[in-house]
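If you're wondering where the values come from, they're calculated on a predicted model, not measured in any experiment. Chain naming here is simple, since letters A, B, ... match the order of the sequence lines and numbering starts at 1 in each.
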Number of protein chains: 2
Amino acid sequence: MTAPAATDPIDYKLDDQVGFVMRRANQRHLALFASLIPELTPTQFAALAKLCELGEISQNALGRATAMDAATIKGVVDRLRRKGFVADKPDPTDQRRLLLKPTAAAWAAYDRLLPRAQEITASTLAPLTEGERAVFLLLLRKLT
Amino acid sequence: MTAPAATDPIDYKLDDQVGFVMRRANQRHLALFASLIPELTPTQFAALAKLCELGEISQNALGRATAMDAATIKGVVDRLRRKGFVADKPDPTDQRRLLLKPTAAAWAAYDRLLPRAQEITASTLAPLTEGERAVFLLLLRKLT
DNA sequence: CAAAATCCATTTGCGTACAAACAATATGGA
DNA sequence: TCCATATTGTTTGTACGCAAATGGATTTTG
């Protein structure tokens with residue numbers, strides 16, 4: 001019996017590995033995002049959205065809410081501030097914290113971009129049927 | 001009737017968007033990869049694997065095979081070469097091309113790391129049942 | 001054949017990502 | 001209270017990832 005078993009290492013194909021396929025699916029999504037919302041990156045939009053969802057919040061807390069570490073959220077917030085979307089002030093009750101708040105421009109941008117964000121989600125999932133989308137999101141969320 | 005329709009923009013929640021959940025699932029996979037194969041990044045391993053799968057190949061062609069653009073694959077190949085995994089020579093039939101080939105060390109590393117790579121795939125999909133894994137991979141591939 | 005279009009590799013610039021180290025501040029427990 | 005510990009924000013260094021521009025080689029096509 002020389003036939004390879006089901007788990008034979010020989011059967012490894014890069015193109016079948018979750019990580020590789022997920023990276024490619026993500027690339028497609030990023031491209032869709034860039035074409036529908038050119039003025040903001042997905043990460044920047046995520047931070048903007050959470051900032052509007054949550055209101056006043058410290059920088060690190062915003063990072064946790066958007067799944068970015070302290071170093072990453074700093075750069076993102078810096079760029080959002082440069083675009084006029086973030087107002088900050090020291091937290092009076094904790095000298096370490098930097099309190100962030102969405103500006104009026106942030107709310108305007110959020111309201112304006114929300115429909116586009118929904119389009120992006122829809123286009124990303126477009127290759128799937130209605131039922132498949134629900135299943136996919138359910139399983140994807142399990143991998144988190 | 002003031003009840004919001006099913007597609008009401010009000011219903012947008014960042015945490016439910018494919019892009020955001022996919023980014024988090026990917027973060028988890030990256031962390032698993034880093035802990036099981038610390039010596040190589042996922043991208044570097046992808047390039048190494050494809051290089052061994054395909055044999056002699058030009059740099060840009062390797063980039064296409066691994067879904068990396070020319071600028072990205074250059075950096076990855078540079079780092080693989082620094083680790084002694086890539087031998088290169090000019091293509092005699094086309095002065096533009098840089099022909100790449102896996103070294104003996106590359107084959108050794110590939111053989112040694114393959115089981116780990118399979119473990120990474122398994123751990124990433126561990127939260128799913130056997131049946132769910134197949135469904136998930138099928139749907140994920142549709143999004144590519 | 002010659003011009004136009006394409007392809008290859010490279011570079012620069014910007015934007016995530018994360019590890020590791022740091023100083024300043026808070027907080028909990030002995 | 002005082003000290004160990006944790007948290008906050010920052011910086012540095014490394015590694016993708018892509019757009020855009022460049023110079024050189026090849027292919028297509030008129």
Could you tell me the separation between the [atom1] atom of [X] and the [atom2] atom of [N], rounded to a whole number of Å?
X: B:Q44; N: D:dA15; atom1: CD; atom2: P; result: 7 Å
X: A:L30; N: D:dC18; atom1: CG; atom2: C1'; result: 9 Å
X: B:L48; N: D:dC16; atom1: CG; atom2: P; result: 13 Å
X: B:F33; N: D:dA15; atom1: CZ; atom2: P; result: 14 Å
X: A:L98; N: D:dT7; atom1: CG; atom2: C1'; result: 14 Å
X: A:D78; N: D:dT10; atom1: CG; atom2: P; result: 7 Å
X: B:I73; N: D:dC18; atom1: CD1; atom2: C1'; result: 14 Å
X: A:M68; N: D:dT8; atom1: CE; atom2: P; result: 17 Å

Distance under 4.0 Å to a non-hydrogen atom of chain A counts as contact; along DNA chain C, which nucleotides mark the start and end?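 Range of nucleotides touched by chain A: C:dG15 to C:dA26.
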Residue pairs meeting ring pair (Phe, Tyr, Trp, His ring centres under 6.0 Å), one or both in residues 70-123 of chain A, sequence neighbours left out, come to none
To the nearest 0.5 Å, atom CG of A:L143 lies from atom CZ of B:R24 at 11.5 Å
Rounding to 0.5 Å, atoms CD (A:Q95) and OG1 (A:T93) come to a distance of 8.5 Å
Is it the case that over 12 heavy atoms from other parts of the model lie below 6.0 angstrom from the CZ atom of A:R28?
yes
Note to self: Is it true that, when you exclude B:R116 itself, more than 12 heavy atoms of the residues, nucleotides or ligands shown sit nearer than 6.0 Å to its CZ?
What the structure shows: no
Legend entry - Carboxylate-amine/guanidinium contact A:K83 A:E39, below 4.0 Å: no
Any side-chain heavy atom of A:D16 sitting closer than 4.5 Å to one from B:R141?
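When only atoms from C-beta onward are counted, B:R141 and A:D16 do touch, with a gap below 4.5 Å.
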| query | For A:I120 and A:H29, what are the C-alpha separation, side-chain angles and deciding distance, and is it a side chain to side chain contact (heavy atoms under 4.5 Å, CB included)? | reply | CA-CA 8 Å; A:I120 292 166; A:H29 173 257; 3.7 Å; yes
Between A:D91 and A:T72, name the one whose nearest nucleotide on DNA chain C is closer to the 5' end.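 Here A:T72 is the residue nearer the 5' end.
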Query raised in the report: If you look at every strand shown and take non-hydrogen atoms under 4.0 Å, does A:T41 touch a base, only sugar-phosphate, or nothing?
Result: sugar-phosphate
Just the table, please: protein N/O against nucleotides 19-29 of chain D N/O, every pair under 3.5 Å.
{"unit_1": "D:dT26", "atom_1": "OP1", "unit_2": "B:Q95", "atom_2": "N", "d": "3.0"}

Result for 5'-nearest mapping on DNA chain D, choosing between B:R82 and A:N60, is A:N60
Any link between B:I73 and B:I57 through a network of hydrophobic side chains (Ile, Leu, Val, Met, Phe, Trp, Tyr) touching at under 4.5 Å? yes
